[in-house]
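One structure is given here, and the rest of the page talks about it.
Predicted model only: the values in this text are computed from it and were never measured.
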Amino acid sequence: MRGVYTATATISGLNSSRTLLYITAPANKLVQILSAHIGNNSNETNEQCYATFKRVTTLGTPTATTLTPSKHELGDQAAASTVKGNVTAAEPTFTANSEFGRKGFASVNGYDFLPTPEEQPTIQGAETVALVLENAPTAFDATVTVVFREIG
């Protein structure tokens, strides 16, 4: 499918609630979230975690790592969305009652967000949506992945 990208961040020693990854749609495109995953790469002790996507009211200037999403088809242009992972300071402000994909998960199994096509959320032009871990787990090395499509 044209215009599909994967953004991935690796977070070593994840041990606090935080924004794991956020996507800001370009002003002239709509971004559709196709799937997401949070994986536990290091800790064999299972515990209950929970994560959700949230719409951002005010992004501010969080300290995060800039990610370059990989394109699924070689002929596609580079992703126009801004994607950052592992926010370590200056968390964004979130819009009340804007969560989607909220789910509890066993840390060993990981979080999977696999909406049907009718349920795939969109990010409007210039809007930001974040994948947030909402509890403080025992430290583990995490892989965070979001697959999205740019339309327009």
Side-chain angles (χ1 to χ4, degrees), residues 1-42 49-103 105 107 109-135 137 140-152:
M1 182 182 311
R2 304 296 293 181
V4 176
Y5 305 90
T6 296
T8 300
T10 301
I11 303 171
S12 297
L14 177 62
N15 64 355
S16 62
S17 60
R18 71 171 79 173
T19 299
L20 302 176
L21 186 145
Y22 68 84
I23 300 172
T24 302
N28 61 345
K29 293 184 186 270
L30 180 75
V31 172
Q32 184 176 30
I33 297 174
L34 304 178
S35 67
H37 177 75
I38 302 169
N40 175 350
N41 301 333
S42 65
C49 295
Y50 60 101
T52 189
F53 281 93
K54 294 182 178 184
R55 296 190 186 278
V56 173
T57 305
T58 305
L59 183 58
T61 54
T63 302
T65 303
T66 300
L67 305 175
T68 302
S70 61
K71 50 190 173 183
H72 286 212
E73 291 199 27
L74 293 177
D76 282 350
Q77 64 184 13
S81 298
T82 299
V83 184
K84 297 205 176 190
N86 192 23
V87 173
T88 57
E91 283 281 335
T93 303
F94 299 108
T95 305
N97 303 315
S98 68
E99 296 87 0
F100 58 89
R102 181 181 296 257
K103 185 174 168 182
F105 63 97
S107 63
N109 292 341
Y111 169 89
D112 285 305
F113 178 66
L114 302 165
T116 62
E118 296 81 15
E119 297 173 327
Q120 291 168 344
T122 57
I123 308 169
Q124 304 300 313
E127 180 186 27
T128 301
V129 168
L131 178 57
V132 180
L133 181 65
E134 294 195 306
N135 65 313
F140 67 91
D141 295 340
T143 300
V144 181
T145 303
V146 176
V147 178
F148 62 95
R149 179 170 62 143
E150 294 181 344
I151 304 168

Restricting to non-hydrogen atoms, name the atom on [X] and the atom on [Y] that form the minimum distance, rounded to 0.1 Å.
{"X": "P115", "Y": "I33", "answer": "CG-O, 4.2 Å"}
{"X": "A25", "Y": "V31", "answer": "CB-CG2, 3.6 Å"}
{"X": "L114", "Y": "S35", "answer": "CD2-CB, 3.7 Å"}

Original post:
What do you reckon, is CG of N28 surrounded by more than 12 foreign heavy atoms closer than 6.0 Å?
Top reply: yes
**OP:** For the pair V129 and K54, evaluate side chain to side chain contact (heavy atoms under 4.5 Å, CB included) and give the outcome as yes or no after the intermediate values.
**Re:** CA-CA 6 Å; V129 168; K54 294 182 178 184; over 6 Å; no
Spatial distance of atom [atom1] ([X]) from atom [atom2] ([Y]) [nearest 0.5 Å]:
{"X": "R55", "Y": "N97", "atom1": "CZ", "atom2": "CG", "result": "12.5 Å"}
{"X": "I123", "Y": "T24", "atom1": "CD1", "atom2": "OG1", "result": "8.0 Å"}
{"X": "S12", "Y": "D141", "atom1": "OG", "atom2": "CG", "result": "4.5 Å"}
{"X": "R102", "Y": "Y111", "atom1": "CZ", "atom2": "OH", "result": "10.0 Å"}
{"X": "N41", "Y": "I11", "atom1": "CG", "atom2": "CD1", "result": "10.5 Å"}
{"X": "F105", "Y": "C49", "atom1": "CZ", "atom2": "SG", "result": "4.5 Å"}

Subject >> Which residues share a side-chain hydrogen bond (donor to acceptor under 3.5 Å, both in side chains) with Q32, sequence neighbours left out >> reply: Q120, R149
Original post:
What salt bridge (charged side-chain N to carboxylate O under 4.0 Å, His left out) pairs are there with at least one residue in residues 65-81, not counting sequence neighbours?
Top reply: R2-E73, R2-D76
Can you list, pair by pair, the side-chain donor-acceptor contacts under 3.5 Å of residues 79-92, counting residues two or more places apart and other chains?
residue	atom	partner	partner atom	Å
S81	OG	E150	OE2	2.7
N86	OD1	R18	NH1	2.5
E91	OE1	T19	N	3.4
E91	OE1	T19	OG1	2.5
E91	OE2	T19	N	3.0

Subject >> K29 side chain vs G152 backbone, donor-acceptor pair below 3.5 Å >> reply: yes
Original post:
Short question: side chain of S17, backbone of E134 - any donor-acceptor pair under 3.5 Å?
Top reply: no
**OP:** Go through the structure and list residues passing ring pair (Phe, Tyr, Trp, His ring centres under 6.0 Å) with Y50, not counting sequence neighbours.
**Re:** none
Subject >> All pairs passing ring pair (Phe, Tyr, Trp, His ring centres under 6.0 Å) where residues 68-102 contributes a residue, at least two apart >> reply: F53-F100
**OP:** Just grab all the ring pair (Phe, Tyr, Trp, His ring centres under 6.0 Å) pairs involving residues 9-32, residues at least two apart or on different chains.
**Re:** none
Original post:
Among T143, V146, T145, L131, whose side chain to side chain contact (heavy atoms under 4.5 Å, CB included) with I38 holds?
Top reply: L131
